[in-house]
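Read through the structure below, which is laid out as structure tokens, and then see the notes.
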Amino acid sequence: MNRRRFLGAGAAVLGAGALGTFAVPAAARLLAEGRPGRLLRSEVPLPDPFEVPLPVPAVLAPVRSDATADYYEITQRVAALEILPGLRTEAWTYGGTYPGPTLSVRSGRRTVVSHRNELPVPTVVHLHGGHTPADSDGYPVDLLLPVGSSGDHLAAHGAGHPMAGMAGMAGMDVDEDTARIVTGTRDYTYPGHQRAATLWYHDHRMSFTGPAIWRGLTGFHLLHDDEEDALPLPRGERDLPLMLADRAFAADGSFAYPATDPDLAVPGVTDDYMNGVLGDVVLVNGAPWPRAEVDRARYRLRLLNASNARLYRLELDPQPSGGDALVQIGGDGGLLEEPIAHDAVEIAPAERFDLVVDFSRYPPGTEVRLMNRFGGGRTEEVMLFEVGSRRVSDDSAVPERLCTLERLDPEAAVATRVFGFRRSRDGDWTINNQLYRPGRAIARPELGSTEIWRFFSDVHHPVHVHLNSFQVLSRNGGDPGPYDEGWKDTVDLRPAEAVEVLVRFTDHPGSYMLHCHNLEHEDMAMMADFVVE
Ligand code: C2O
Ligand code: CU
Ligand code: CU
């Protein structure tokens, strides 16, 4: 797309006013860099694909429960894991595993997770997709300092101050009340007033989310409710959460990451990787190109893209005759109204797709590869399903109608706000030309109100809003795309695109985040606060 067409597309959607407010960037140069990320190659030989069995993260048991709540404990610690066969990788983990343990909770019940930090760095836990009070949302300067840490110890490690080394903002201060800092353990409380959905929890420390997630700080958080349980969807062993993440490994087996400072005292990646870090190994639930034996039956696959920057276009190979292999039943915010059959799905960082695949459409013994058509070389393959030959029973079904969704009404919107996700002339990732600064609100929506938020991009940006899910209203002034159905909390903007979403701010006042979920963009300040009041 040349500059003129870029302007044309932008102007058509944004109107002259919006373009007047935000100077159009050097579009041609930025579009040339439209590829989200750069490949980091491993320094170790890579294993053959489809040899490691697919692991399924263990479900965490509560330490206690009462009439209204379930209490969990997770210790964040360093653990030596065997991710590539025969190689030892030191990971930062929730509870000693990668992915961390799965929380499986009921809607309507309160969940309290007590996190204890035994890592060498401060952390912040965010429940992605959670409808969470602000003090438990994982605001990026609400640090949980390591057990036993003193100010001196942290200062020596450059992490004594939440603002230490913030990209492009060195020396800036955070207000004492902006950062709620504790040492050792913190309880995160999730009220559970939201519908069944596939959520995930991950680190969210300001400027260091990319390396922290890369080293392992992610896990599933599954919410269940009666409405969904009443449906005949595949369940039990035929309900598989699949966390996709690409990684690269250094010669000593550690996770390779192109941080400017290997000790992570100073944030950021080397210039080459500004646009995002891609690995050459595809992990599913922490295993490289795994294989799963499946029955000739329906399976529910809860796909999560937990990669820092990689986009996937997922497709089964071979396709069953008749196509439409991937039947989408849900997205980020739970069930869709009606299933949508796809041949392929495109999934950006942090998005979730809840799919049903009927493996009985394949002859017994078929080896079905899950492919990534956006990948190249080894990253074109994701995992293998080996379809069993025994006769099995399957009483699951995908109903024509899954639920009734409330449609937010654009007429009810009391404000339209525009957020430009772009790289500045200085090479920083910005929202509305501003670098992230904790405590500075970019928007102040009123509690209970509905607004239209219009995002536009230069290069690819998966845009994520905390607190409330949203509904996609339009793309480039036209209809939403094929992957925009239902409630979402992350929407992928392609280069030079404008996407409008409808969002209603409910239940919780306070300070929340809006950011790009390409983690290198996020860490390099493509983030903003909004305050619900
Ligand atoms: Cu998954 Cu603010 O993040
Ligand atoms: Cu989030
Ligand atoms: Cu981005």
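Every number for a ligand or one of its atoms is a count from 1 in the order of the listing.
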Taking atom types as modelled and ignoring hydrogens, do the side chains of Ser307 and Asn305 form a donor-acceptor contact shorter than 3.5 angstrom? yes
Would you check if atom 1 (Cu) of ligand 1 lies under 2.8 Å from any N, O or S atom of His202? yes
Which residues and atoms, counting only protein N, O or S, are under 2.8 Å from the Cu ion (ligand 2)? His126 NE2, His464 NE2
Could you tell me whether any N, O or S atom belonging to His126 is less than 2.8 Å from atom 1 (Cu) of ligand 1? no
For atom 2 (Cu) of ligand 1, give me the closest N/O/S atom belonging to His515, just the atom name. NE2
Would you mind reporting whether Leu119 and Leu217 have side-chain heavy atoms less than 4.5 Å apart? yes
Using the benzene-type ring in the case of Trp, are the ring centres of Tyr188 and Tyr201 under 6.0 Å apart? no
Which angle, to 10 degrees, forms at atom 2 (Cu) of ligand 1 with NE2 of His466 on one side and NE2 of His204 on the other? 110°
Could you tell me how the ring of His521 sits relative to the ring of Trp429: parallel (under 30°), tilted (30 to 60°) or perpendicular (over 60°)? parallel
Can you check whether His221 and Tyr190 have ring centres sitting under 6.0 Å from each other? yes
Would you please classify the geometry between the Phe505 ring and the Trp453 ring as parallel, tilted or perpendicular, with 30° and 60° separating the classes? tilted
Take Asp135 and Arg180, measure what salt bridge (Lys or Arg N to Asp or Glu O under 4.0 Å) needs, and give me the verdict at the end. CA-CA 8 Å; Asp135 59 0; Arg180 290 160 285 211; 5.5 Å; no
Atom 1 (Cu) of ligand 1 is nearest to which N, O or S atom of His128? ND1
Could you tell me how the ring of His202 sits relative to the ring of Trp200: parallel (under 30°), tilted (30 to 60°) or perpendicular (over 60°)? tilted
